[in-house]
Amino acid sequence: MDLYELLRPKTWGDIVGQDRAVATARRVVEQPGFDRGAFLIVGSSSGIGKSSLAGVIGGVLQPDPFWIERIDGAECTIGEVRRLAGLCGTCAGGSGWRIMIMIRQ
């Protein structure tokens, strides 16, 4: 495992400098009756916490690691989008969550 993965924030409180984004995501995820959703996390530069926030959201929803998809944006072809769309309805056991994180670099 890479060092940056070991040191990546794991909780809401671990994310520094993105108070507004954290508060918004946390408010959505923790609202009573929240049972599904999609998050679009964008920013103008790398290293500002987009992937970290996505990882914390995923950790809070506690999916089985088998149900986490992480792809590079450069690999996001029409075929890959179709494949991911087909997976969206498939999730069994565990928390019932499927997490997809696409990183554009």
Side-chain angles (χ1 to χ4, degrees):
M1 180 178 284
D2 293 319
L3 184 59
Y4 71 89
E5 288 294 338
L6 289 172
L7 299 176
R8 180 163 281 176
K10 307 272 189 287
T11 67
W12 300 118
D14 291 344
I15 298 176
V16 176
Q18 295 296 338
D19 297 340
R20 188 171 160 199
V22 169
T24 300
R26 191 172 187 174
R27 186 175 61 247
V28 170
V29 171
E30 292 177 352
Q31 70 184 345
F34 177 75
D35 68 347
R36 69 189 65 147
F39 293 85
L40 176 61
I41 304 169
V42 297
S44 58
S45 60
S46 63
I48 60 173
K50 298 179 298 286
S51 297
S52 294
L53 181 58
V56 169
I57 292 169
V60 168
L61 298 176
Q62 298 179 343
D64 184 297
F66 179 78
W67 298 106
I68 298 174
E69 294 277 335
R70 186 179 181 119
I71 63 167
D72 187 292
E75 299 169 3
C76 195
T77 63
I78 291 173
E80 184 66 3
V81 170
R82 287 184 177 138
R83 183 185 76 81
L84 294 173
L87 293 175
C88 283
T90 309
C91 187
S95 67
W97 288 98
R98 176 177 281 282
I99 306 296
M100 296 180 192
I101 300 172
M102 181 177 61
I103 309 298
R104 183 177 153 238
Q105 304 192 5

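Since the model is a prediction, treat every value here as computed from it, not as a measurement.
For residues 18-32, the set of pairs meeting the salt bridge (Lys or Arg N to Asp or Glu O under 4.0 Å) definition, not counting sequence neighbours, comprises R26-E30. Residue pairs meeting the side chain to side chain donor-acceptor pair (under 3.5 Å) criterion with at least one partner in residues 77-88, sequence neighbours excluded, are E69-R83, E80-R83.
For I78, the CD1 atom sits in a loose shell: 12 or fewer heavy atoms of surrounding residues, nucleotides or ligands are nearer than 6.0 Å.
Nearest heavy-atom pair, S45 versus K50, reported as atom, atom and distance to 0.1 Å: O-NZ, 2.6 Å.
Side-chain contact between I15 and V56 is present, with heavy atoms from C-beta onward closer than 4.5 Å. Between F34 and L61 the shortest side-chain heavy-atom distance falls below 4.5 Å.
The only member of L53, I41, I48 that meets side chain to side chain contact (heavy atoms under 4.5 Å, CB included) when paired with Q18 is I48.
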